[in-house]
Amino acid sequence: DSQSQQVVQDDDRGFKNGNNFLVSSIDKKKLVENSVCGEPFLPLKEEEVAQVKSAFSRSNGMKILVSHKKSNIDISGETLQCLMPNQWLNDEVINLYLELLKERETRDPQKNFFKCHFFNTFFYIKLVSGSGYNYKAVSKWTTKRKLGYALIDCDIIFVPIHIGIHWSLAVINNRERKFLYFDSLVSEVDRTILNALAKYLVDEAKEKSKKNIDVSSWDMEYVKECPQQLNGDDCGMFMLKYIDFYSRGLSLQFSQKDMPYFRLRTANEILRLRAD
């Protein structure tokens, strides 16, 4: 993750219908219900902070702190330490957190979360392996037997992108018929990522659902007004919060100054194996 001098957007926590790329099709009542609860910024209890700090201690480095059976992901103290200040997030922490977001959606259907699919950090790497596009390499990832649902029936599909040492996010928004790209270090636009995902969606619909879909009219949006990092360490954390907020139907109202809190909160949620 490299340095950035981008200006962070004003930190307005009203969760207003301000980002059309996120909320144009969302029921206003749902937005209000999700907003007033303040869940994205609930303060941690003193004992939760103490537990996280204890988990970060060197004495826990080799100890397995939590194990997620469904994904077969183990988190050791050393692995969790990537959520300490100024550290780069690793695949294990990111992938476990995405599993917890999916479980949150299933656990709290009354909150009307979108029907989402969260690909892990290895999906895009596999998809573009070999000659630059390889559907067969990932075709077995999304069988209905494995997922319990058809991927193309999801409202939103999240695809973590890791290029070099930088994390960003690609989104397939089936509800809005658009592909979006979020980067906390807005730089030159690389159209190959969204083009590959557009081709993937067509192949996936044809292979799994025997449907021919035309995405030629879908928008491809490189979101310029998403929250920006002001350091070289927090790209992974920004990516996770893009996913967290977007999957709730919330506009991206957070900034660099929230990252220390989000790091502690994410560590706490991982230790509890529950995302709120």
Side-chain angles (χ1 to χ4, degrees), residues 1-23 35 38-44 48-49 52-53 56 79-98 101 118 121 124 158-171 180-191 193-194 221-270 275-276:
D1 208 341
S2 57
Q3 296 292 330
S4 168
Q5 300 299 320
Q6 298 291 334
V7 177
V8 176
Q9 301 297 311
D10 290 340
D11 184 25
D12 174 10
R13 299 231 177 106
F15 298 107
K16 295 176 290 188
N17 188 349
N19 290 354
N20 290 332
F21 58 86
L22 287 178
V23 300
S35 302
E39 284 183 352
F41 294 97
L42 284 177
L44 297 179
E48 291 175 327
V49 174
V52 169
K53 290 184 176 179
F56 284 158
T79 303
L80 191 72
Q81 286 172 8
C82 74
L83 287 167
M84 293 175 66
N86 308 122
Q87 302 299 309
W88 294 352
L89 268 60
N90 56 46
D91 293 288
E92 293 88 348
V93 161
I94 290 173
N95 289 332
L96 178 50
Y97 185 73
L98 296 180
L101 291 185
F118 306 87
T121 57
Y124 182 74
F158 295 101
V159 184
I161 305 294
H162 193 229
I163 298 177
I165 55 174
H166 182 58
W167 292 104
S168 57
L169 174 69
V171 175
L180 302 106
Y181 188 71
F182 298 86
D183 191 340
S184 58
L185 288 176
V186 172
S187 56
E188 295 182 6
V189 172
D190 183 356
R191 299 189 180 277
I193 295 171
L194 294 190
E221 184 171 350
Y222 296 83
V223 182
K224 295 181 180 179
E225 295 184 357
C226 57
Q228 296 288 283
Q229 66 186 99
L230 298 180
N231 62 20
D233 313 313
D234 283 323
C235 59
M237 200 68 249
F238 272 83
M239 180 191 71
L240 286 183
K241 300 321 287 186
Y242 293 156
I243 298 172
D244 176 24
F245 277 56
Y246 202 148
S247 65
R248 299 171 189 253
L250 298 177
S251 56
L252 305 181
Q253 301 293 341
F254 57 85
S255 68
Q256 177 68 59
K257 69 181 182 181
D258 298 310
M259 292 302 120
Y261 162 72
F262 284 146
R263 283 176 175 269
L264 282 174
R265 174 178 173 139
T266 303
N268 179 56
E269 290 175 325
I270 285 176
D276 293 319

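Just so you know, residue 1 is the first one in the sequence shown, and it goes up from there.
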Quiz item: How many angstroms lie between atom CG of Leu240 and atom CG of Leu98, to the nearest 0.5 angstrom?
Solution: 6.0 Å
Quiz item: Is any side-chain heavy atom of Arg265 less than 4.5 Å from a side-chain heavy atom of Leu42?
Solution: yes
Practice problem: Supply the atom-to-atom distance Phe158 CZ to Leu180 CG, rounded to the nearest 0.5 angstrom. | Solution: 10.0 Å
Quiz item: Okay, side chain of Glu269, backbone of Leu264: is any donor-acceptor separation there less than 3.5 Å?
Solution: no
Self-check item: Considering all heavy atoms, the nearest Tyr261-Leu44 contact
Solution: CE1-CG, 4.3 Å
Quiz item: Looking at Tyr242 and Asp183, what are the two nearest heavy atoms and their distance?
Solution: OH-C, 3.8 Å
Practice problem: Flag the pair Glu39 / Asp276 as yes when at least one side-chain heavy-atom distance between them is below 4.5 Å, and no otherwise. | Solution: no
Exercise. For residues Leu169 and Phe238, determine if any side-chain heavy atom of one lies less than 4.5 Å from a side-chain heavy atom of the other.
Key: no
Exercise. For Leu252 and Tyr246, work out which heavy atoms get closest and say how close.
Key: CD2-N, 4.4 Å
Exercise. Give a yes/no verdict on a cation-pi contact between Lys241 and Phe254, requiring under 6.0 Å between NZ or CZ and the six-membered ring centre and an angle within 45° of the axis.
Key: no
Practice problem: Please step through side-chain contact (heavy atoms from CB on, under 4.5 Å) for the pair Met239 and Ile161, ending with a clear verdict. | Solution: CA-CA 9 Å; Met239 180 191 71; Ile161 305 294; over 6 Å; no
Quiz prompt | Shortest non-hydrogen separation from Met237 to Leu83 and the atoms involved | solution = SD-CD2, 4.1 Å
Practice problem: Kindly give the heavy-atom pair with the smallest separation between Gln228 and Ser184, and that separation in Å. | Solution: OE1-O, 3.1 Å
Quiz item: Say you draw a straight line from NE2 of His162 to CG of Asn90; how long is it, rounded to the nearest 0.5 Å?
Solution: 10.0 Å
Self-check item: Shortest non-hydrogen contact between Ser168 and Phe182, atoms and distance
Solution: CB-O, 3.4 Å
Self-check item: Distance in Å, Leu89 CG paired with Thr266 OG1, rounded so as to fall on 0.5 Å steps
Solution: 7.5 Å
Self-check item: Tyr97 side-chain N/O to Ala267 backbone N/O, donor-acceptor pair under 3.5 Å
Solution: no
Quiz item: Do the side chain of Asp91 and the main chain of Thr121 share a donor and acceptor less than 3.5 angstrom apart?
Solution: no
Quiz prompt | Donor-acceptor contact below 3.5 Å, side chain Arg263 vs main chain Cys82 | solution = yes
Practice problem: Return yes if some donor-acceptor pair links the side-chain N/O of Trp88 with the main-chain N/O of Gly232 below 3.5 Å, else return no. | Solution: yes
Practice problem: Name the orientation class of the two ring planes belonging to Phe41 and Phe262 (parallel below 30°, tilted from 30 to 60°, perpendicular beyond 60°). | Solution: tilted
Quiz item: Between Lys53 and Val49, does a side-chain contact (heavy atoms from CB on, under 4.5 Å) hold up when you go through it step by step?
Solution: CA-CA 6 Å; Lys53 290 184 176 179; Val49 174; 3.7 Å; yes
Practice problem: Starting from the C-alpha separation in whole Å, work towards a yes-or-no answer on side-chain contact (heavy atoms from CB on, under 4.5 Å) for Val223 and Val171. | Solution: CA-CA 11 Å; Val223 182; Val171 175; over 6 Å; no
